[in-house]
Undergrad: 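Take a look at this one; I'll ask things after.
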Amino acid sequence: MKYWLFKSEPEVFSIDDLAKEKKQTTYWDGVRNYQARNFIRDEMRMGDKVIFYHSNEKPPAAVGICEIVIEAYPDFTAFDANDPHYDPKSKKDSPAWFMVDIKFIKKFINPVSIGEIKLNKKLGKMRLVQKGSRLSVIPLTKDEYDEVVKMGS
DNA sequence: GCCAACGTTGGC
DNA sequence: GCCAACGTTGGC
């Protein structure tokens with residue numbers, strides 16, 4: 001099993017929005033970065049665990065856990081000219097962009113802020129806190145995942 | 001609101 | 001294939 005961190009701006013889509021969905025699932029659309037795309041398309045598997053992270057919040061923080069329930073399929077928002085994530089490069093017969101579905105598991109009792117993550121020596125190698133890392137979908141080791149869950153619970 | 005870091009685009 | 005210009009991300 002693999003472990004991931006997904007960033008979202010809570011103004012756009014928060015973990016509470018996910019928890020409020022009818023089946024507590026959503027499709028993770030709008031990833032338009034090739035490295036992140038490759039993680040989604042090639043590496044994410046059913047049951048992988050995902051830390052949900054709020055960016056552009058005060059402070060930015062890991063706020064809960066979810067899991068992958070549907071593996072990669074074409075991101076249909078790329079085909080829709082009226083969608084903000086529209087990308088004419090992506091064709092239905094050769095899609096450039098993919099998405100997975102995730103399901104809510106739980107919110108952290110204590111959100112883990114980026115400051116706390118930076119202070120924890122065990123988390124020093126997380127790509128989230130490395131300089132210039134702007135990936136919206138980040139792989140975690142099991143140890144990193146377990147540590148963040150421990151801090152949040 | 002600022003700005004550093006990064007990815008992408010497009011002219012050459 | 002290089003690289004300057006540009007747009008975006010996201011912490012502060």
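Throughout, a chain's letter reflects where its sequence line sits, starting with A, and its residues are numbered from 1.
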Undergrad: Is any side-chain N or O of Lys7(A) closer than 4.0 Å to OP1 or OP2 of dG10(C)?
TA: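 Looking at the OP1 and OP2 atoms of dG10(C), one of them is under 4.0 Å from a side-chain N or O of Lys7(A).
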
Undergrad: Between atom OG of Ser136(A) and atom CZ of Arg37(A), what is the distance when rounded to the nearest 0.5 Å?
TA: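 Going from the OG atom of Ser136(A) to the CZ atom of Arg37(A) covers 13.0 Å.
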
Undergrad: Using ring centroids (six-membered ring only for Trp), state whether Trp4(A) and Phe52(A) fall under 6.0 Å.
TA: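 Between Phe52(A) and Trp4(A), the centre distance exceeds or equals 6.0 Å.
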
Undergrad: Output the rounded distance in Å from CZ (Arg32(A)) to P (dG10(C)).
TA: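 Taking atom P of dG10(C) as the reference, CZ of Arg32(A) is at 14 Å.
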
Undergrad: Can you pull out how bent the helix from dG1(B)-dC12(C) to dC12(B)-dG1(C) is, comparing the axes over its first five and last five pairs, to 10°?
TA: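 End axes: 10° apart.
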
Undergrad: Going by number, which of residues 78-99 of chain A have a non-hydrogen atom under 4.0 Å from DNA chain C?
TA: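 Hits under 4.0 Å, by residue number: none.
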
Undergrad: Does a nitrogen or oxygen in the side chain of Tyr53(A) sit under 4.0 Å from OP1 or OP2 of dG11(C)?
TA: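 Tyr53(A) to dG11(C) OP1/OP2: side-chain N or O found under 4.0 Å.
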
Undergrad: Set out, line by line, the N/O atom pairs under 3.5 Å between protein and nucleotides 1-5 of chain B.
TA:
from: dA5(B); atom 1: N3; to: Arg134(A); atom 2: NH1; distance (Å): 3.2

Undergrad: Applying the ring-ring contact (aromatic ring centres under 6.0 Å, His included) criterion to Trp97(A), which one of Tyr34(A), Tyr27(A), Tyr73(A), Phe76(A) satisfies it?
TA: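 The option that passes is Tyr34(A).
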
Undergrad: Identify the heavy atoms of Lys106(A) and Ser153(A) that sit nearest to each other, and give their distance.
TA: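 That would be NZ-OG, 3.4 Å.
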
Undergrad: Rounded to the Å, how far apart are Leu5(A) CG and dG10(C) P?
TA: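 So the two atoms are 11 Å apart, to the nearest Å.
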
Undergrad: Nearest 0.5 Å, please: how far is CD1 in Ile68(A) from NZ in Lys2(A)?
TA: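 One gets 10.0 Å once the value is rounded to the nearest 0.5 Å.
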
Undergrad: In a check of ring-ring contact (aromatic ring centres under 6.0 Å, His included) between Phe6(A) and each of Phe13(A), Trp28(A), Tyr53(A), which one passes?
TA: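 Result: among Phe13(A), Trp28(A), Tyr53(A), Trp28(A) is the only option passing the ring-ring contact (aromatic ring centres under 6.0 Å, His included) with Phe6(A).
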
Undergrad: Tell me, yes or no, whether the heavy-atom count around Lys107(A) atom NZ, taken from other residues, nucleotides or ligands under 6.0 Å, exceeds 12.
TA: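 Open.
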
Undergrad: Within this structure, what is the NZ-to-P distance between Lys118(A) and dG10(C), rounded to whole angstrom?
TA: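 Roughly 13 Å, once rounded to whole Å.
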
Undergrad: Just wondering, do Pro95(A) and Asp75(A) contact through their side chains at under 4.5 Å, heavy atoms?
TA: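 No - every pair of side-chain heavy atoms lies 4.5 Å or more apart.
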
Undergrad: Just the rounded figure in Å: distance from P of dC6(B) to CG of Asn33(A).
TA: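 Interatomic distance, CG of Asn33(A) to P of dC6(B): 13 Å.
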
